[in-house]
Novice: 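I'd like to ask you about the structure that follows.
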Amino acid sequence: MQRYYYSESVAEFLARPVDAILGAMDQVNEFDLTMDQRNAWLEEFDIMKSALGALGEDGQILFEYTIPRLGKRVDVVLLMRGVVFAIEFKVGAEAFLVNDKEQVWDYALDLKNFHEESRDRIIVPILVATEAPKRDCSMGQAIFSYYDDHVYYPLFSNAETLLSILQRVLNEVPEQPALDAHEWTFSRYSPTPTIIQAASALYMNHSVVDITKHEADKAGIDSCTAFILDIIKQSKENHQKSICFVTGVPGAGKTLVGLNVAIQQEEGDLAVYLSGNGPLVKVLTEALARDKVQKEKDRGCRCTKTEAERQVSRFIQIIHRYRDNMLGKLKMPIRDGQIELDPAKISKAAEKSAAEVENVAIFDEAQRMWDMRHLSAWLARKKGVNDFPMSEGEFLIWSLDQHKDWATIVCLVGGGQEINSGEGGIGLWIDALNQQFPDWQIYISNQLTEKEYAEGNVSALLAENPNVHMRPDLHLAVSQRSYRAETLSLFVHQFLDLDIAAARKTYDDIKDRYPIVLTRNLAKAKAWLREHARGSERYGMLVSSKAFRLKPLAIDIRSQADIVPWFLNPITDIRSSLFLEDVATEFDIQGLELDWTCLVWDGDFRYDPYRHCWQHFNFRSDRWQNINIAEGRAYQLNAYRVLLTRARQGMVICVPEGNPDDATRLPEFYDGTYELFKELGLREI
């Protein structure tokens, strides 16, 4: 996408006839020019010419300037006296709507946070509802928003008041350093999108380079994607089968790599992104389907929601459906511990390959695949398939191995994130490759040997395999989730390991960029979230799936949140996260993120200051019971690791005071944890 449709100095703009400007914009417009759009642009030209002609200031004006992370364009950017004005027009509008205010505020915030030439500039968002009454316009003093980052609260203007608003801002702000219009226009734009925004941008034909933050080449999302695409190409050309293991810190963009690979296949090649994370698949499918419907509407075409969902589902699927489709091709019953294809269940068109149509399969959260015991028991109980002889990972490799020519598997691996019983970790994949698929080429991250993966046994498991290739390209070292605190995952790791001195030092390094505050009052926590969110920034409440004694705070985890509206719908919907009534657990939120979170801590996971250790509990009937199984304790620790790494910009942690008259909520269940957070230096509110 071109950066803008039209750009000239203010002096040149004032001298240029409107027909010439319209013609220049139409030439680069990616959509057909409708009469409504033509008339809107003409009115924008008239309003800007009137205001700027009377203002008597030179500068640079840009129409339809790209905001890549949002996949949209701001109507007008005005660069004047070193100040950046982001102006959004609502031609014919008689009122300033909340959604429109959020839209122009989002533009300003994106420029401030992600547009390098704007980071040290004053950003002024202005919403122009051309027919709004003067009494509703911003005729008083303009003020900066909550943070000291030189972003104004949105100002409101109609067709006549824009001149006075521009004059007032320019008179109020101190003298600013000169701004180079060319450097600003073509500034590097380095955003860190949410996975929903990133998937939407990829689906709308942006490249990963447009929408991700770049670090060193070997640690970047783009270089990781490029390496995998090259392996896919080699596999196809050499008629071989390959598997890539991608690792990364929480929020580093593993899912984004997977989606990018799925979307960027060469013509004729098919790939599918598979995840066992039901909430993630539901939210992404809904978000992309909504985008598809809107995109077609903008082009003057019609696309039903059902058709849009069908198109999205071609490359994003829940892994269990993929697995069950392959199960349907097997001979039943299974005999002698061997699975076989049933020729009667395979169509003639598929005789060359009994595998699914995609040669490339991307498995997100591959560490969460079930071991043989759990998969076999589940299939016997739910599907009537007895004596199944494989782990889930082994069966998925077997499924791709049915391709006669070539295949590539991409495993996206999170370290220390197994949160369900039966999740065997990455060791099960490696065992299967060693024992059953010796011809597959294995490409692994050099970080896959760390203790978070297969308990540190990866090197030993692969020591005798001659087809192993270690590549640093396959590790994503920098969290994209929080552009304010790239070391958040390190802080959480140190905190959960109870390395208090190290965690305190890490927190001191990030607290000015990534606020983490502490409270015992849920009402204060909710107020803090609302106070800190700007524009369309999203916030919500998180709890552990074992947090059964938060009911006195009106939090009942037995009442499941409807996760699609929770993530996607506006504050007017009571199901939305923004309404702060429904909560999400680690199972709902893994793989997704919010801008701001409130983590409400229950007595299931407690710090014991006397023994300097974590205590793990399940609530059964009317009392807390110790979790004595090591595997269960590890799952709970990982659940809190997930919950503590979901916020992109900051979080509030609410540890209730408890109740001395309630044996299930005694103050001592909570006090140790609260004091531990205080010891780290968290500010109390």
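Side-chain atoms are counted along with the backbone in the values below, which use heavy atoms only and exclude waters and symmetry mates. Everything quoted here is computed from the prediction, not taken from an experiment.
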Novice: Decide yes or no for Asp75 and Glu64: does some side-chain heavy atom of the first lie under 4.5 Å from some side-chain heavy atom of the second?
Specialist: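 Yes, at least one pair of side-chain atoms sits under 4.5 Å.
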
Novice: Within the supplied structure, the quantity of interest is the number of heavy atoms (other residues, nucleotides, ligands) at a distance under 6.0 Å from Asp120 CG; does it exceed 12?
Specialist: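 For Asp120, atom CG is not crowded (no more than 12 foreign heavy atoms under 6.0 Å).
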
Novice: With ring centroids as reference points, do Trp41 and Tyr6 lie under 6.0 angstrom apart?
Specialist: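 No - the distance between ring centres of Trp41 and Tyr6 does not fall below the 6.0 Å cut-off.
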
Novice: Is it the case that atom NZ in Lys526 sees more than 12 heavy atoms from other parts of the structure closer than 6.0 Å?
Specialist: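 Above 12, so yes.
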
Novice: Kindly say whether Asn569 contributes a backbone atom to a donor-acceptor pair with the side chain of Ser576 at under 3.5 angstrom?
Specialist: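 Looks like yes, one N/O pair under 3.5 Å.
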
Novice: Going by the angle between their ring planes, with limits at 30° and 60°, are Tyr507 and Phe491 parallel, tilted or perpendicular?
Specialist: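 Answer is tilted, since the angle falls between 30° and 60°.
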
Novice: Minimum heavy-atom separation for Phe567 to Arg538, with atom names?
Specialist: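 Minimum heavy-atom contact is O-NE, 2.7 Å.
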
Novice: Output yes when a side-chain donor or acceptor of Lys282 lies under 3.5 Å from a complementary backbone atom of Val564, and no otherwise.
Specialist: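 Answer holds: no.
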
Novice: Hey, what do you get for OG (Ser118) to NE2 (His150), rounding to the nearest 0.5 Å?
Specialist: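 Those atoms lie 13.5 Å apart.
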
Novice: Is there a side-chain contact between Val583 and Val600 (heavy atoms, below 4.5 Å)?
Specialist: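 Answer no - side chains too far apart.
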
Novice: In Å, rounded to the nearest 0.5 Å, how long is the span from CZ of Phe579 to CD1 of Ile571?
Specialist: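 Phe579 atom CZ to Ile571 atom CD1 measures 7.5 Å (nearest 0.5 Å).
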
Novice: Check whether any side-chain heavy atom of Arg38 sits under 4.5 Å from a side-chain heavy atom of Leu22, and report yes or no.
Specialist: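 SC-SC contact between Arg38 and Leu22 confirmed.
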
Novice: Would you mind checking if Glu286 and Arg290 are paired as a salt bridge, meaning a charged N to carboxylate O distance below 4.0 Å?
Specialist: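 Looking at Glu286 together with Arg290, the answer is yes, because their closest N to O distance falls below 4.0 Å.
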
Novice: Does atom NZ of Lys505 have more than 12 heavy-atom neighbours from other groups under 6.0 Å away?
Specialist: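 No, NZ of Lys505 has 12 or fewer neighbouring heavy atoms, counting only those of other groups under 6.0 Å.
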
Novice: Is there a side-chain contact between Arg534 and Val151, using heavy atoms and a 4.5 Å cut-off?
Specialist: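 SC-SC contact between Arg534 and Val151 confirmed.
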
Novice: Parallel, tilted or perpendicular: which fits the ring planes of Trp596 and Trp528, with parallel below 30° and perpendicular above 60°?
Specialist: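 It falls in the perpendicular class, over 60°.
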
Novice: What I want to check is whether the side chains of Thr185 and Arg3 have a donor and an acceptor closer together than 3.5 Å.
Specialist: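 Their side chains do not contain a donor-acceptor pair, so the 3.5 Å distance test is not met.
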
Novice: Are Ser9 and Glu12 linked by a side-chain donor-acceptor pair shorter than 3.5 Å?
Specialist: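 Yes.
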
Novice: Quick check on Ile574: does its CD1 atom have over 12 non-hydrogen neighbours (other residues, nucleotides or ligands) under 6.0 Å away?
Specialist: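 No, because the 6.0 Å sphere around CD1 of Ile574 holds 12 heavy atoms or fewer from other groups.
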
Novice: Check Phe186, Tyr107, Trp184 against Tyr65 for a ring pair (Phe, Tyr, Trp, His ring centres under 6.0 Å) and give me the one that passes.
Specialist: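 One option only clears the test, and that one is Trp184.
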
Novice: Would you say Val77 and Phe85 make side-chain contact, with heavy atoms under 4.5 Å?
Specialist: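 Heavy-atom side-chain distance check fails, nothing below 4.5 Å.
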
Novice: If I take atom OH from residue Tyr514 and atom CD from residue Gln649, how far apart are they, to the nearest 0.5 angstrom?
Specialist: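 Atom-to-atom, Tyr514:OH and Gln649:CD are 9.0 Å apart.
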
Novice: Which value, rounded to the nearest 0.5 Å, describes the distance between Asp58 atom CG and Met80 atom CE?
Specialist: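 Asp58 atom CG to Met80 atom CE measures 7.0 Å (nearest 0.5 Å).
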
Novice: Is it true that, when you exclude Lys49 itself, more than 12 heavy atoms of the residues, nucleotides or ligands shown sit nearer than 6.0 Å to its NZ?
Specialist: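 Yes, because the 6.0 Å sphere around NZ of Lys49 holds more than 12 heavy atoms from other groups.
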
Novice: Starting at CG of Leu256, measure out to OG1 of Thr225 and round the result to the nearest 0.5 Å.
Specialist: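 If we round to the nearest 0.5 Å, Leu256:CG and Thr225:OG1 are 6.5 Å apart.
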
Novice: I'd like to know if the side chain of Thr519 and the backbone of Cys654 have a donor-acceptor N/O pair within less than 3.5 Å.
Specialist: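 Pair absent, no side-chain N/O of Thr519 close to backbone of Cys654.
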
Novice: Does any non-hydrogen side-chain atom of Val169 lie less than 4.5 Å from one of Leu155?
Specialist: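 Yes - at least one pair of side-chain heavy atoms lies under 4.5 Å apart.
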
Novice: Can you confirm whether Val173 sits close enough to Tyr152 that some side-chain heavy atom of one is under 4.5 Å from a side-chain heavy atom of the other?
Specialist: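 Answer yes - side chains close enough.
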
Novice: Backbone N or O of Val128 within a donor-acceptor pair of the Ser157 side chain at under 3.5 Å?
Specialist: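 The answer is no, because no donor-acceptor pair under 3.5 Å joins these two groups.
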
Novice: CD/Glu102 to CD/Glu88 distance, rounded to the nearest 0.5 angstrom?
Specialist: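 Spacing of CD (Glu102) from CD (Glu88) equals 13.0 Å.
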
Novice: For residues Val91 and Asn39, determine if any side-chain heavy atom of one lies less than 4.5 Å from a side-chain heavy atom of the other.
Specialist: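 No. Closest side-chain heavy atoms not under 4.5 Å.
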
Novice: Should the pair Asp595-Arg648 be classified as a salt bridge under the 4.0 Å nitrogen-to-oxygen rule?
Specialist: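 Yes, charged N to carboxylate O under 4.0 Å.
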
Novice: Examine distances only and state if a side-chain atom of Arg646 and a backbone atom of Thr597 form a donor-acceptor pair shorter than 3.5 Å.
Specialist: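 Side chain of Arg646 to backbone of Thr597, a donor-acceptor pair under 3.5 Å: no, none is there.
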
